[in-house]
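Letters go in sequence order (proteins before strands), and every chain restarts at 1. Every heavy atom of this structure was used, including side-chain atoms; hydrogens, water molecules and symmetry mates were not.
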Amino acid sequence: MNTTSTLESDFPKAYVAHEHEAALYALWENNGTFAPSTDQSKPAFSVVMPPPNANGNLHLGHALEASMTDALVRYHRLKGDRTIYVPGADHAGIETQTVFEKALEKEGRSRFQMTREQFYEETNMFVQGFRGNMESQIRVLGSSVDWSVNRFTLDPAVIERAYETFRKLYADGLVYRGERIVNYSVKYRTAYSDLEVEHEERTEPLYFIKYGPITVATVRPETKFGDKVIVVHPDDPRYQQYIGTSFDCLIVTGEIATMTVIADEAIKPEFGTGAMTITPAHDPIDYEIAQRHNLPIHKVIDFDGRLLPIAGDFAGMKVSEARTKVAERMMELGLIEKTDPTYTHTVGLCYKSKQLIEPMLMPQWFIKVRPLAEKAKEAVESGAVRVFPESYKGVLINWLENLRDWNISRQIAWGIPIAGAMPENPDVANDPDTFDTWFSSGQWPYAVFEAASKEGGRDYMKEFYPTSLMVTGRDLTFLWVARMLMFGLYVHGEVPFRDLYLHGMLLDPKGKKMSKSKGNVVSPLDLIAQYGTDAVRFGLLIGSSPASDSPMAEEKIKGGRNFANKVWNISRFVCMQLGEQDPSELPAPKAQTEADTKILAELARVRTETVDHFENYRFALALQGLHEFVWHQFADTYIEAAKNQEDRQNTQAILWKVLVDSLIMLHPCMSFVTEAIWQRLPGKWEKNAEGVRSILAQASWPTE
RNA sequence: GGGCUCUUAGCUCAGUUGGUAGAGCGCUUCGUUUACACCGAAGAUGUCAGAGGUUCGAGUCCUCUAGGGCCCACCA
């Protein structure tokens, strides 16, 4: 900075954020400010950013997450910790594929018209375009990440890491390929894990079909073409005489079929008539029953969601259409005894298309998660990983206790091909599928450090893993967090992060969920352009609490802008008071007046409280306390008193001390304005031999 | 079916270990004091959803009730 220029030019009356921010981020980036210190005597503080999807722009949720994380990261850096914040970009498997497919649709194209390689290549180009965009937006948010360890989820090292874990699971017998009922999305032509299925309550007719002497109840008459078995509970007195016997009866095809009655504990006598027929190829419970009794399994529905030739006249018809048509036919045949039109149950929907999930029998890779989940559960229970807020501890444990095997096969192109994991193993090598994105994402915390370590120069793995903290949305508790815990413990025998902080979702100003379809999405970049990054960060952080959703409040952001301006003007005032006085030559501050005593005591108090708040992830309270102190104690009270104080030098010393400490303490949340001021402070104070000002982001947290 | 969570000033929300209610915005009155009108001074506003309990003391812990919200769930 030019120290000879006048105050007016260095400190214009108003702080206009966009005139400073880009240059300040460049200052940090060009000076390697965010590279972790090499001082091994200092404790490490490491955070891995949940890699944003490289398929669009950052949204306000990213801004919230970045504000929180960056505040903590900057706080630890100021405290002198060996701090690293790792950025990244997520290929985001099916998320990206659906976004890209929509883009193709607009051009009248479809992925089904391309080869798989062609589709992959086009998706990759699409993603790489967005990736740079997304990374520049991380800079706009002010995130103090170490770009030298930046990583993409499809980097070769990350893919190899996923393969290595797969091989270990395979060797340990924890992953298997099996033909089982999976959640299948007809729209996207891929299977899902249980977590990608949404549930919705629906009222649909329950049909009572009369098969000879026994009536069965079903909501899916369209699957009743191969009916040969009726299942009842072994203890049901109504059906004792039939168990193990067979009889002939009319079925929907108009033919006479032989029905055999078997008994299975899975049947609930109180449901319907206590008797049902099974469709093993399209229902998980039915499939299990079929397995237990060695029954044949016939597919009725194809991967387009249409009926197969077994359906005779109905073959080729969509399931939804066939349902009523088949029921009508049954009615004509006198097979329907009655219908209950008020029957309400829950159906599974594809979380992306909201279309019905079609349970399908498919050969897929499954992870036996029980042993992995057990370890994760122990880690949460024992506090090996601390959960903020604590109420999510139970939520996490509850989920880990009730896990079923995890289907990691996806029939999508945009992902890590399973085949590459074990080229020598024909079971694997011939598999056309890709991994569930969360299979590789679940390994992200160590994958990034392993990859960085491999590049040589520094053992990041040893220095920074396990990480100190994971900050992510409460919506990812199961999808991502639980998986990271399981893999971290399985692969490296320890939790991937010591602390977990879950934040809530940002809602629109009316308190509604933001979504593209509702058109109520607010762009953080627009807000930043208008008010500045610090203002947006302030507005998102203030008055928030862990895991609870909060509406986006422009008034709070405006308040943040006003506060940034206040801090700017306080600094401006203090610099004017100093005049020609070089702050490095000021005497130590002494409490001479009542106002002096008060402000120094308040400063000490806010310093202690701020540390306590940051250490316990209460950044909203930290910021609130600083806001109150700086604005009302310092500006409104002390500065007003200072204007009339007689011992000018001592007053200058106190003003200076309070200003400098305030700037440092505010820096985690108000990063840009505080650095902008820091770079304009007068005199030789904090300058090196070349007269270059130190960087606030690397300053030392005030101690007394 | 199971779990979590919320109900505090007109609005949006804070309130960490239990100790006589807070912020921002809004509102009222005043002030153009040479840091700031993106400002300052003074001020009004709450039986902290309801009922009961524990306690010397509860917005803060426990139970129940009412009403929101969220999540999980192989209910043919």
Side-chain angles (χ1 to χ4, degrees), chain A residues 7 11-16 181 183 194-195 197-199 201 206-209 216-220 223 231 266-268 270-279 283-289 343-348 359 389 391-399 402 404 474-475 477-478 504-505 507 509-511 513 531-532 535 538-539 542-545 547-577 609 612-613 615-618 620-625 627-628 631-632 635-636 639-640 642-643 655:
Chain A
L7 179 67
F11 267 113
K13 268 182 145 182
Y15 174 68
V16 182
I181 301 286
N183 310 300
D194 294 339
L195 281 177
V197 179
E198 281 182 4
H199 299 273
E201 196 161 86
L206 181 66
Y207 300 94
F208 288 77
I209 305 169
V216 299
T218 184
V219 283
R220 304 204 65 180
T223 62
V231 195
I267 303 300
K268 287 184 189 135
E270 65 278 7
F271 187 93
T273 60
M276 69 172 199
T277 55
I278 57 170
T279 315
D283 184 282
I285 294 179
D286 293 7
Y287 180 74
E288 284 172 18
I289 292 172
Y343 176 64
T344 302
H345 68 149
T346 312
V347 297
S391 57
Y392 271 71
K393 204 171 153 172
V395 174
L396 205 43
I397 289 170
N398 185 49
W399 188 79
N402 295 296
R404 289 182 299 156
R474 55 140 239 265
D475 55 327
T477 307
F478 308 135
M505 303 292 109
L507 308 172
K510 288 174 189 158
K513 205 168 176 178
Y531 298 107
F538 178 96
I542 204 85
S544 73
S545 70
S548 69
D549 299 349
S550 53
M552 198 286 288
E554 199 158 339
E555 314 84 66
K556 290 203 285 185
I557 293 172
K558 211 176 275 183
R561 180 204 54 188
N562 295 353
F563 184 47
N565 190 244
K566 190 74 185 180
V567 176
W568 178 263
N569 274 288
I570 287 169
S571 309
R572 190 165 176 258
F573 173 80
V574 172
C575 291
M576 283 175 82
Q577 288 297 306
E609 286 180 5
D612 190 49
H613 286 320
E615 294 291 337
N616 291 289
Y617 307 119
R618 296 188 296 255
L621 292 181
L623 182 53
Q624 196 180 314
H627 175 262
E628 208 280 332
W631 199 311
H632 303 299
D636 291 348
I639 283 183
E640 289 310 314
K643 289 175 180 172
L655 286 169

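Residue A/K556 places none of its side-chain N or O atoms closer than 4.0 Å to OP1 or OP2 of B/G24. Proximity of A/S391 to the phosphate of B/C4: no side-chain N or O atom is located under 4.0 Å from OP1 or OP2. Contact check, A/R474 against B/C70: no side-chain N or O comes under 4.0 Å of OP1 or OP2. Residue A/H199 has a polar side-chain atom (N or O) positioned under 4.0 Å from OP1 or OP2 of B/C74. Within the 4.0 Å cut-off from OP1 or OP2 of B/C39, at least one side-chain nitrogen or oxygen of A/N562 is found. For A/K566 and B/G40, the shortest distance from a side-chain N or O to OP1 or OP2 is below 4.0 Å. Residue A/K643 places at least one side-chain N or O closer than 4.0 Å to OP1 or OP2 of B/A35.
Across every strand in view, B/U63 sits in a pair with B/A51 that passes the Watson-Crick or G-U test at under 3.5 angstrom. Across all strands shown, B/A9 remains unpaired; no Watson-Crick or G-U wobble contact has both distances below 3.5 Å. Of the nucleotides present, B/G69 is the one that pairs with B/C4 by Watson-Crick or G-U wobble criteria, both distances under 3.5 Å. In this structure, B/U34 makes no Watson-Crick or G-U wobble pair, since no nucleotide meets both defining distances under 3.5 angstrom.
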Worksheet entry | Pair A/H627-A/F538, side chain to side chain contact (heavy atoms under 4.5 Å, CB included): steps then yes or no | CA-CA 10 Å; A/H627 175 262; A/F538 178 96; 3.8 Å; yes
Practice prompt. Output, in order, the C-alpha distance, side-chain angles, deciding distance and verdict of side chain to side chain contact (heavy atoms under 4.5 Å, CB included) for A/L623 and A/H613.
Written response: CA-CA 9 Å; A/L623 182 53; A/H613 286 320; over 6 Å; no
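Judged by distance alone, the side chain of A/K566 and the main-chain N or O of A/W631 form no donor-acceptor pair under 3.5 Å. One N or O on the side chain of A/N569 and one on the backbone of A/K13 form a donor-acceptor pair closer than 3.5 Å. With hydrogens and angles ignored, the 3.5 Å screen pairs a side-chain donor or acceptor of A/D286 with a backbone N or O of A/T279.
When each of B/C36, B/U34, B/C74 is scored by its nearest atom to the side-chain atoms of A/M576, the top-ranked nucleotide is B/U34. The side chain of A/P551 approaches B/C13 more closely than any other nucleotide in the set B/C13, B/C36, B/G24. Between B/A73, B/A41, B/A35, one nucleotide has an atom nearer to the side chain of A/D636 than all others, and that is B/A41. Of the listed nucleotides (B/A14, B/C4, B/A35), B/A35 has the atom at the smallest distance from the side chain of A/I570. Of the candidate nucleotides B/C39, B/C36, B/A73, B/C39 has the atom nearest to the side chain of A/W631. Of the listed nucleotides (B/G40, B/A76, B/C36), B/C36 has the atom at the smallest distance from the side chain of A/N565.
When heavy atoms are screened at a 4.0 angstrom cut-off, A/D612 is found touching base atoms of the nucleic acid. Within 4.0 Å of A/I639, counting heavy atoms only, lies at least one base atom of the nucleic acid. A/A266 comes within 4.0 angstrom of nothing in the nucleic acid, heavy atoms only. Across all strands shown, A/Y343 has heavy atoms under 4.0 Å from sugar-phosphate atoms exclusively, and none from any base. Across all strands, A/S548 comes closer than 4.0 Å only to sugar-phosphate atoms, never to a base (heavy-atom distances). Counting any heavy atom pair closer than 4.0 Å across all strands shown, A/I267 reaches a base atom. A/F478 comes within 4.0 angstrom of the backbone, heavy atoms only, and of no base. Counting non-hydrogen atoms under 4.0 angstrom, A/A217 reaches a base of the nucleic acid. At a threshold of 4.0 angstrom between heavy atoms, the contacts of A/A635 include nucleobase atoms, whether or not backbone atoms are also involved. Within the nucleic acid shown, A/K268 comes within 4.0 Å of at least one base atom, counting heavy atoms only. When heavy atoms are screened at a 4.0 angstrom cut-off, A/G272 is found touching no nucleic acid atom at all.
Closest approach of A/I289 to A/M276, counting heavy atoms only: CD1-CE, 3.8 Å. When all heavy atoms of A/R220 and A/T223 are compared, the pair lying nearest together is O-OG1, 2.8 Å.
Spacing between atom CD1 of A/I542 and atom C1' of B/A14 amounts to 9 Å, rounded to whole angstrom units. Rounded to an integer number of Å, the gap from NE2 of A/H627 to C1' of B/C25 is 12 Å. Between A/R572 atom CZ and B/C36 atom C1' there is a gap of 8 Å when expressed in whole angstrom units. Taking atom NE2 of residue A/H632 and atom C1' of nucleotide B/A41, one finds them 13 Å apart after rounding to whole Å. Distance, A/I397 CD1 to B/C4 P: 12 Å, rounded to whole Å. For A/M552 and B/C13, the CE to P distance is 13 Å, given to the nearest whole Å. At whole-Å resolution of the value, CG in A/N398 and C1' in B/U5 are 15 Å apart. B/C74 atom C1' lies 14 Å from atom CZ of A/R220, rounded to whole Å.
Side-chain to base pairing of A/E640 with B/A41: no donor and acceptor N or O lie closer than 3.5 Å to each other. With hydrogens and angles left out, the side chain of A/T346 and the base of B/C75 share a donor-acceptor pair within 3.5 Å.
Using P as the reference atom, B/G40 and B/G24 are 10 Å apart when rounded to the nearest Å. On the C1' atoms, B/C36 is 27 Å away from B/C11, given to the nearest whole Å. For the P atom pair drawn from B/C64 and B/G2, the interatomic distance equals 14 Å after rounding to whole Å. A distance of about 24 Å separates the C1' atoms of B/G68 and B/C25, rounded to the whole Å. Nucleotides B/U7 and B/A76, compared at atom P, are 36 Å apart to the nearest Å. Nucleotides B/U16 and B/G52, compared at atom P, are 25 Å apart to the nearest Å. Taking atom P on both nucleotides, B/G59 is separated from B/G43 by 26 Å, rounded to a whole Å. When the C1' atom is used for both B/U54 and B/C61, the distance is 8 Å, rounded to whole Å.
One finds the CG atom of A/N565 at 14.0 Å from the OH atom of A/Y531 (value rounded to the nearest 0.5 Å).
Heavy-atom distances to RNA chain B give each of A/P284 and A/F563 a nearest nucleotide, and the one nearer the 5′ end belongs to A/F563. Summary of the strand contacts: A/V574 and A/I285 both lie near RNA chain B, and taking for each the nucleotide with the nearest heavy atom, the more 5' one is attributed to A/V574.
Taking the charged nitrogens against the carboxylate oxygens, A/D549 and A/K513 have no contact shorter than 4.0 Å, which rules out a salt bridge.
Residue-environment remark: NZ (A/K393) exceeds the threshold of 12 foreign heavy atoms within 6.0 Å.
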